[in-house]
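Scroll down for the structure; my scribbles are underneath it.
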Amino acid sequence: MATTIAKAAEGGTATAHAARIEHVSKSFAGPAGQQLVLDDITLDVAPGEFVTLLGASGCGKSTLLNLVAGLDKPSAGSISTDGRPALMFQEHALFPWLTAGKNIELALKLRGVPKAERRGRAEELLELVRLHGAYGKRVHELSGGMRQRVALARALAQDSKLLLMDEPFAALDAITRDVLHDELTRIWRETGLSVLFVTHNVREAVRLAQRVVLLSSRPGRIAREWTVGIAHPRRIEDSAVAELSVEITEELRGEIRRHGQH
Amino acid sequence: MASTDTTAKDGTDLAGLEAGLDALDAVTTTRTPLRETLLRKVLPPITAVALVLAVWQLLVWLEVAPSYKLPSPGAVWEEVRTAWLQGTLLDYIWTSVSRGLLGFLFALAIGTPLGLIVARVRFVRAAIGPILSGLQSLPSVAWVPPAVIWLGLNDSMMFAVILLGAVPSIANGLVAGIDQIPPLFLRAGRTLGATGLKGARHIVMPAALPGYLAGLKQGWAFSWRSLMAAEIIASSPDLGVGLGQLLENGRNNASMSQVFLAILLILLVGIAIDLLIFSPLERRVLLSRGLLVKS
Ligand SMILES: Nc1ncnc2c1ncn2[C@@H]1O[C@H](COP(=O)(O)OP(=O)(O)OP(=O)(O)O)[C@@H](O)[C@H]1O
Ligand SMILES: [Mg+2]
């Protein structure tokens, strides 16, 4: 196994995982010395798998995602991914000096797509997130939901095998969020992407994922995992989604309560 | 597993819902009509100028100062007319403006990479950052005497003074612009693969553009001021008559109307360049990023 991991990091093709996180710890220098934020996290994301990472606010979810994206280095342990992953932030992170279409084209350009093909690819990607008319729109002319869809299209433009998403829909209203859940599920199933999706919303986690991973807080450790067997298409109001959500919420509450005891 | 049937139905439902949401969120932009623009943008400055002229004429009528100290608007206008009829008016302006703009372009070519390096390389920043901001507050007229001694009375001495005045402003503007880039953009750029020079070109420079433009604007103001200082102090027959020399000649000839003419032209050129080049540029950049509310 160890040899295949090394290959994957160099951008090999057929690997058994899209991301492999092994015994990863991360600490930051805080006012009271080193503060351990993530402790011995081990997690695999299989090719084509949809995993949600669930945890209370401040438990280190974004930190972990940044590590996987390569924006930061772990204090201990190792991370390997199949190629460079795409990352979608909690804020849309679109560049305001470019139009929606040009934002996508920049991602294509940086990936080395020839100029002649970029425009067409960008239009296709906008089509995929159902924003045909938005090519020439400036970021500030788009609504919050449209921005996140353009951001999704830009992330998809990277053509990565792994898509990392950091609470991308947290700031949206319930209906828009629900629509985007449907879109994301559809795109995931059409493209065969692997997704590592971070959220603190239990229902959202269950609604989307094949596997839900619960992180404990301070330090962040993997507390429990659930495999979600509910068939697609799912709806957030489905009773099966609700049932599992109740169970997971109970567990999450327990995790948080433990902190009150010491 | 869902049948293809329900997926298709789901799809159209979803598309409809999305179309509705998008329509509700859509921003409509309207253009203000020309007449309103004229009324709101052009009328106020014209009124102000008219008022200044009126007060000026009134002071002349009241004879608060003898005419060799305070020429009348009419006398200054006469000065403009003669210069125009002799064909020298545009020469004066062009001599200075071409020097100023050329010097400014040099300053741009030096200040931009300098700013980029100061902002991005920690060692360089620690080494010359404070000096660069300090230079900004040094009046560029201070550079005229050494420039004359080093370079003599010629155009390169003028350019040197312009550069010393404008480069710090331009570089500092860019540094400020880069410092104010939200870290999110830099991280987003990195995940897209924009690192090193690519990052500078596709992320850092465009993100810093508003601050950079502000620096350019100030850089131009400094170029113009430095040039006028240089022209007033260092006049020589081979240098040609620019606006600064015009002013100095007016003083030597004890012609107050010529002095007024020169001051007026220096002021007008400064305003015109700002109004014709920098303001529209800045406005366009801010508008396109949604950083300016149309008023
Ligand atoms: N650069 C940093 N320096 C110091 N401490 C940090 C840094 N980044 C994160 N932390 C700390 O690490 C902890 C986890 O932060 P992180 O942003 O990963 O949480 P999160 O799970 O994403 O929270 P949320 O759900 O609110 O986004 C927090 O206590 C935070 O204060
Ligand atoms: Mg977070």
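Chain letters run A, B, ... following the sequence lines, proteins first, then strands; residues in each count from 1. Small disclaimer: the values here were computed from a predicted structure and weren't measured.
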Under 4.5 Å from any heavy atom of chain B - which part of A:Leu106: side chain
Please check if atom CH2 in B:Trp143 has more than 12 non-hydrogen atoms from other residues, nucleotides or ligands closer than 6.0 Å. no
Evaluate the side-chain contact (heavy atoms from CB on, under 4.5 Å) criterion for residues A:Phe89 and B:Leu184: first the C-alpha distance (whole Å), next the side-chain angles of each, then the deciding distance (0.1 Å), finally the verdict. CA-CA 9 Å; A:Phe89 300 86; B:Leu184 182 64; 3.6 Å; yes
Could you list the residues that satisfy side chain to side chain contact (heavy atoms under 4.5 Å, CB included) with A:Glu123, not counting sequence neighbours? A:Arg119, A:Tyr135
For A:Arg111, which atoms come within 4.5 Å of any heavy atom of chain B: side chain, backbone, both, or neither? neither
Of all heavy-atom pairs between A:Pro96 and B:Phe185, which one has the smallest distance, and what is that distance? CD-CZ, 3.4 Å
Heavy-atom closest pair, residues A:Leu110 and B:Ala194: CD1-CB, 3.7 Å
Contact part of A:Asn66 toward chain B, heavy-atom cut-off under 4.5 Å: side chain, backbone, both or neither? side chain
Which portion of A:Leu131 sits near chain B, non-hydrogen atoms under 4.5 angstrom: side chain
Looking at B:Pro210, B:Pro206, B:Ser288, which hits side-chain contact (heavy atoms from CB on, under 4.5 Å) with A:Trp97? B:Pro206
Part of B:Ile203 lying under 4.5 Å from any heavy atom of chain A: both
Could you measure the distance from the CZ atom of B:Arg289 to the NE2 atom of A:His140? Nearest 0.5 Å is fine. 11.5 Å
Below 4.5 Å from any heavy atom of chain B, which atoms of A:Ala86 appear? Answer side chain, backbone, both or neither. neither
Heavy-atom distance under 4.5 Å to chain B: side chain of A:Val139, backbone, both or neither? neither
Just by modelled atom types, is the B:Thr191 backbone N or O under 3.5 Å from a matching donor or acceptor in the A:Gln158 side chain? yes
Within a 6.0 Å radius of atom CG on B:Leu38, are there more than 12 heavy atoms belonging to other residues, nucleotides or ligands? yes
Please name the pair of heavy atoms, one in A:Gly70 and one in B:Arg190, separated by the smallest distance, quoted to 0.1 Å. O-NH2, 3.9 Å
